[in-house]
Amino acid sequence: MKIGIVGGTGGMGEGFALRWCKKHDVIVGSRDAQKAKEAAENYSKIAREAFGTITGSITGDDNIALGKDVDVLILSIPYEFIDDTCGRLVGKIRDDCVVVSPIVPMTRTDAGFVYIPLEQGKKQAAEMVADKLPPRSRVVSAFHTISEVKLKNVNQGLDADTFICGDDQGAIAKLTELVSEISGLRPVYLGPLSLTYQAEILTPMLLNAAKKNKMKNPSVKLI
């Protein structure tokens with residue numbers, strides 16, 4: 001597959017690029033194309049040191065240009081950037097491209113991390129993405145509770161689950177295949193896209209638990 005990662009110069013983007021470049025062509029994105037290209041060169045060096053040889057590749061481009069010919073598009077962006085970024089991607093991605101939202105709408109208060117839709121009555125992230133980048137059927141959500149520190153450490157399996165939500169079984173199957181290629185990460189289908197809030201809200205819960213109990217990089221696994 002050809003995988004584009006909008007916001008790919010962040011920690012999650014690096015982790016996805018390193019994990020998937022063994023088999024796929026990954027394009028990491030940034031608002032600054034040069035920054036993306038420099039990050040891609042660095043990720044490629046890390047991948048070669050870790051794996052020896054790879055059959056895929058890692059390249060860089062700006063966040064919007066990278067979407068023109070990818071099979072899967074990961075939106076590794078903050079919640080508040082959804083309107084702008086998705087608005088600029090309209091008409092720039094293929095109709096059969098699967099759009100993945102790992103986005104969590106949360107903020108920090110005196111009490112701790114909170115889920116914005118619950119506290120402020122706003123939309124869950126995946127619903128906003130689906131509204132901005134129709135058709136809704138191609139939008140799926142996953143990776144909300146994955147530690148970027150563990151994801152970047154390609155010598156370590158994650159030993160975790162990720163919850164997938166979506167309305168189209170073809171899109172879900174394509175994402176499930178990619179999830180299964182990440183060592184130690186199990187895809188768990190949660191239900192239609194409308195249930196994404198059940199996965200998104202786990203992230204602030206994990207962060208609060210980690211902070212209050214001095215836990216490092218916790219994740220979720222159903223047993």
Side-chain angles (χ1 to χ4, degrees), residues 1-78 81 85 89 92-94 96-104 140-162 164 171 173-187 203 216-221:
M1 296 185 204
K2 184 175 284 188
I3 304 166
I5 308 173
V6 177
T9 58
M12 292 295 285
E14 178 181 351
F16 287 137
L18 294 176
R19 297 280 182 169
W20 286 328
C21 72
K22 289 189 288 184
K23 290 179 59 178
H24 307 283
D25 294 321
V26 181
I27 311 170
V28 296
S30 171
R31 286 175 290 182
D32 181 344
Q34 184 58 38
K35 179 182 178 182
K37 291 173 183 177
E38 291 172 358
E41 290 177 4
N42 184 46
Y43 299 169
S44 296
K45 180 181 178 182
I46 295 171
R48 286 192 296 269
E49 290 174 351
F51 307 126
T53 59
I54 58 175
T55 58
S57 63
I58 307 175
T59 56
D61 207 339
D62 75 72
N63 279 333
I64 309 307
L66 67 80
K68 62 182 179 293
D69 190 33
V70 295
D71 302 298
V72 176
L73 187 69
I74 312 289
L75 297 175
S76 186
I77 58 174
F81 289 1
T85 303
L89 283 166
K92 303 291 197 314
I93 57 178
R94 298 192 332 235
D96 62 346
C97 176
V98 174
V99 178
V100 183
S101 171
I103 305 166
V104 178
V140 289
S141 68
F143 307 117
H144 305 96
T145 56
I146 303 305
S147 161
E148 69 175 50
V149 173
K150 292 179 179 177
L151 189 65
K152 290 191 296 182
N153 184 358
V154 294
N155 296 314
Q156 177 184 7
L158 270 65
D159 190 29
D161 294 336
T162 187
I164 299 176
K174 187 173 285 189
L175 180 60
T176 297
E177 179 183 340
L178 286 175
V179 170
S180 299
E181 292 176 10
I182 297 175
S183 176
L185 186 59
R186 182 176 66 171
T203 303
K216 290 185 66 175
N217 309 312
S219 55
V220 173
K221 186 171 184 178

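We number each residue from 1, following the sequence as shown.
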Colleague: Report the distance from atom CD1 of I77 to atom CG of N63, rounding to the nearest 0.5 Å.
Modeller: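 Nearest 0.5 Å value for the CD1-CG distance: 8.0 Å.
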Colleague: Going by salt bridge (charged side-chain N to carboxylate O under 4.0 Å, His left out), name the residues that satisfy it together with D161, two or more places apart in sequence or in a different chain.
Modeller: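 Expected list: R186.
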Colleague: Output every pair passing salt bridge (Lys or Arg N to Asp or Glu O under 4.0 Å) with a member in residues 26-50, not counting sequence neighbours, ordered by first then second residue.
Modeller: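 Matches after skipping sequence neighbours: none remain.
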Colleague: Report the residue from I3, V99, I27, V98 that forms a side-chain contact (heavy atoms from CB on, under 4.5 Å) with V70.
Modeller: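 In the set I3, V99, I27, V98, the residue that makes a side-chain contact (heavy atoms from CB on, under 4.5 Å) with V70 is I27.
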Colleague: Could you list the residues that satisfy side-chain contact (heavy atoms from CB on, under 4.5 Å) with A33, not counting sequence neighbours?
Modeller: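 Applying side-chain contact (heavy atoms from CB on, under 4.5 Å) to A33 gives D61, D62.
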Colleague: Measuring from atom CG of D69 to atom SG of C97, what distance do you get when rounded to the nearest 0.5 angstrom?
Modeller: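 So the CG of D69 and the SG of C97 are separated by 9.5 Å.
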Colleague: Supply the atom-to-atom distance F143 CZ to I103 CD1, rounded to the nearest 0.5 angstrom.
Modeller: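 Atom-to-atom, F143:CZ and I103:CD1 are 13.0 Å apart.
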Colleague: Please tabulate, for side-chain N and O atoms in residues 9-21, each donor-acceptor pair with protein atoms closer than 3.5 Å (sequence neighbours left out).
Modeller:
| from | atom 1 | to | atom 2 | distance (Å) |
| --- | --- | --- | --- | --- |
| R19 | NE | L151 | O | 2.9 |
| R19 | NH1 | Q156 | O | 3.3 |
| R19 | NH2 | K150 | O | 2.9 |
| R19 | NH2 | L151 | O | 3.4 |
| R19 | NH2 | N153 | O | 2.9 |
| R19 | NH2 | Q156 | O | 2.9 |
| W20 | NE1 | L178 | O | 3.0 |

Colleague: Which residue pairs pass the salt bridge (Lys or Arg N to Asp or Glu O under 4.0 Å) test when at least one of the two sits in residues 20-29, sequence neighbours left out?
Modeller: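 Pairs touching residues 20-29 that pass the test: K23-E181.
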Colleague: Rounded to the nearest 0.5 Å, how far apart are CD1 of I164 and OG1 of T176?
Modeller: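 So the CD1 of I164 and the OG1 of T176 are separated by 3.5 Å.
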Colleague: If you round to the nearest 0.5 Å, how far is CD1 of I5 from CD1 of I58?
Modeller: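 Taking CD1 in I58 and CD1 in I5, the distance rounds to 8.5 Å.
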Colleague: Roughly how far apart are I146 CD1 and I182 CD1, rounded to 0.5 Å?
Modeller: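 These two atoms lie 7.5 Å from each other.
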Colleague: Are any side-chain N or O atoms of H24 and backbone N or O atoms of G56, one a donor and one an acceptor, separated by less than 3.5 Å?
Modeller: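 No; judged by distance alone, with no hydrogens or angles, the pair does not exist.
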Colleague: Could you pull out all residues at least two apart from K92 that satisfy salt bridge (charged side-chain N to carboxylate O under 4.0 Å, His left out)?
Modeller: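 Applying salt bridge (charged side-chain N to carboxylate O under 4.0 Å, His left out) to K92 gives none.
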